[in-house]
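Read through the structure below, which is laid out as structure tokens, and then see the notes.
Note that the coordinates shown come from a computational prediction; the quantities given were computed from them, not determined experimentally. All ligand and atom numbering here is 1-based and tracks the order in the structure. Numbers here simply count residues along the sequence, with the first being 1. As a basis for the values below, the full set of heavy atoms in this structure was taken, side chains included, without hydrogen atoms, waters or symmetry mates.
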Amino acid sequence: MTGRTLCGVLGHPVAHSRSPAMQNAAFDAVGLDWLYVPLPVAPDRFREVVRALPASGYRGANVTIPHKLAALEVADSASEAATGIGAANTLTFADGHLEAENTDAAGLQRALERPMTGLRTLVLGAGGAGRAAAWALREGGAAEVAIWNRTPERAAALARDLGLDHAERPDRAAVDLLVNATSVGLDPRLGADDALRGLGLADADPPAVVVDLVYRSDGAETPVAGWARGGGAHVVDGIEVLVRQGALSFELWTGRPAPLEAMRAAARSARA
Ligand code: NAP
């Protein structure tokens, strides 16, 4: 134990995470002598490790794959967002109490920097990121939130959970905002044409606004972001959403406004 206040990111694996670079840059920028570390933890040890963190000097932790469901279950209380989404990406420890939050949803809302009221929206993907995105759009007042997923049963289940539409064959041209919440684009070995075809985007024009939650470890542009930019859309990339969710976690732990520029610069220059 260092005597410093600690925060960390729990994942399995977690070595690729840009959060340590981003959060340590934020602590530096506001003059806090805190330290943020990667915490690789296997699923069968998650509960035990989380419970030991407060006594080891930890103020909070981010949670990534595969622990987001377990993070909600281990917490003493949870926010409306974490409960509604069914997963948590942020834990805050205070006075022996463990609070779960999901900043992925509000991070997406902040990254958009525009009202989503009345928009027709489509979410591609029904995993953890898709759940948070669909919840964020619904809560943000979107007029329509349709969900498409490669495995249709998962989209149907998510739509049912959130009271939304499940689109087996959604019209990509009839939306104002599209969110890619699949992991398509993560693997550089999959070419852009194949990636776009797999998502039903190859022959479509992008809508006015496209969010691609995927970001590549080498910093290269993702197929969906490239398609959207080439078609003149306003593009919000995965790093910007990462920064915004991290900023909200930072504010929960420190009680201070997040230094967004420092976080953005660190997240963009960090390489796995
Ligand atoms: P997940 O729970 O494993 O879900 C993966 C999703 O991708 C599922 O909907 C899956 O469909 C779909 N998928 C995978 N391969 C596909 C393919 N070849 N064609 C079509 N769909 C495919 O993962 P997650 O946690 O939701 O994360 C999804 C992505 O979002 C990841 O790349 C992650 O890095 C990113 N993410 C970014 C942020 C951020 O802050 N920028 C935050 C969270 C997540 P099936 O159900 O059919 O398998």
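Between Tyr36 and Trp253, the ring planes lie tilted relative to each other; the angle falls in the 30° to 60° range.
In summary, the atoms of ligand 1 found under 4.0 Å from a heavy atom of Tyr215, numbered by their order in the structure, are 41 (N). Listed by number with element, the atoms of ligand 1 under 4.0 angstrom from any heavy atom of Gly238 are 39 (C), 41 (N). Against a heavy-atom cut-off of under 4.0 Å, Val214 is close to the following atoms of ligand 1: 32 (O). Atom numbering of ligand 1 starts at 1 in the shown order; those under 4.0 Å from a heavy atom of Gly127 are 2 (O), 4 (O), 9 (O), 26 (O). Each of the following atoms of ligand 1 lies closer than 4.0 Å to a heavy atom of Val184: 16 (C), 17 (C), 18 (N), 19 (N), 20 (C), 21 (N), 22 (C). Against a heavy-atom cut-off of under 4.0 Å, Gly125 is close to the following atoms of ligand 1: 9 (O). For ligand 1, the atoms lying closer than 4.0 Å to a non-hydrogen atom of Leu242 are 40 (O), 41 (N). Distances below 4.0 Å separate heavy atoms of Ala181 from the following atoms of ligand 1: 28 (C).
Atom 6 (C) of ligand 1 has as its closest protein heavy atom Thr182 CA, 3.9 Å. The single protein non-hydrogen atom nearest to atom 10 (C) of ligand 1 is Asn149 OD1, 4.1 Å, given as residue, atom name and distance. Looking only at heavy atoms of the protein, atom 16 (C) of ligand 1 is closest to Arg150 NH1, 3.3 Å. Regarding atom 47 (O) of ligand 1, its nearest protein heavy-atom neighbour is Thr151 OG1, 2.5 Å. Here the heavy atom of the protein found nearest to atom 14 (C) of ligand 1 is Ser183 OG, 3.2 Å. If you check which protein heavy atom lies closest to atom 27 (O) of ligand 1, you get Ala129 CB, 3.7 Å. In terms of protein heavy atoms, atom 38 (C) of ligand 1 is closest to Leu213 O, 4.0 Å. Ranking the protein heavy atoms by distance from atom 2 (O) of ligand 1 puts Gly128 N, 3.2 Å first.
Here Asn102 contributes atom CG and Arg131 contributes atom CZ; the two are 11.0 Å apart, rounded to the nearest 0.5 Å. Rounding to the nearest 0.5 angstrom, the gap separating the NE2 atom in His16 from the CZ atom in Arg18 is 10.0 Å. Here the CD1-OG distance, from Ile65 to Ser183, works out to 8.0 Å after rounding to the nearest 0.5 Å.
Within the structure, ligand 1 has Ala126 among the residues with a heavy atom less than 4.0 angstrom away.
Contact check on Asp237 versus Arg268 returns a salt bridge, with a Lys/Arg side-chain nitrogen under 4.0 Å from an Asp/Glu carboxylate oxygen. Salt bridge Arg154/Asp161: absent, no basic N to carboxylate O contact under 4.0 Å.
Any N or O atom pair closer than 3.5 Å counts here, and Arg154 shares at least one such pair with ligand 1. Ligand 1 has no nitrogen or oxygen under 3.5 angstrom from a nitrogen or oxygen of Gln245. The N/O atoms of Ile239, backbone and side chain alike, include none that comes under 3.5 Å of an N/O atom in ligand 1.
With sequence neighbours excluded, no residue satisfies ring pair (Phe, Tyr, Trp, His ring centres under 6.0 Å) with Tyr58.
For the residue pair Asn62 and Ser19, no side-chain donor N or O sits within less than 3.5 Å of a side-chain acceptor on the partner. Using modelled atom types and a 3.5 Å distance limit, the side chains of Glu101 and Ser79 yield a donor-acceptor pair.
Contact annotation: the side chain of Leu53 never approaches that of Leu91 to less than 4.5 Å [non-hydrogen atoms, C-beta and beyond].
There is no protein heavy atom closer than 4.0 angstrom to atom 33 (C) of ligand 1.
Hydrophobic clustering, defined by side-chain heavy atoms of Ile, Leu, Val, Met, Phe, Trp and Tyr closer than 4.5 Å, groups Val224 together with Leu122, Leu124, Trp148, Val175, Leu178, Val184, Leu190, Leu196, Leu199, Leu201, Val210, Trp227.
Here the shortest heavy-atom distance to atom 25 (O) of ligand 1, taken over Ile65, Val236, Asp104, belongs to Ile65.
When atom types are taken as modelled, the side chain of Arg120 and the backbone of Leu177 share no donor-acceptor pair closer than 3.5 angstrom.
Residues Val63 and Phe93 fall within the same hydrophobic cluster, defined by Ile, Leu, Val, Met, Phe, Trp and Tyr side chains chained together at heavy-atom separations under 4.5 Å.
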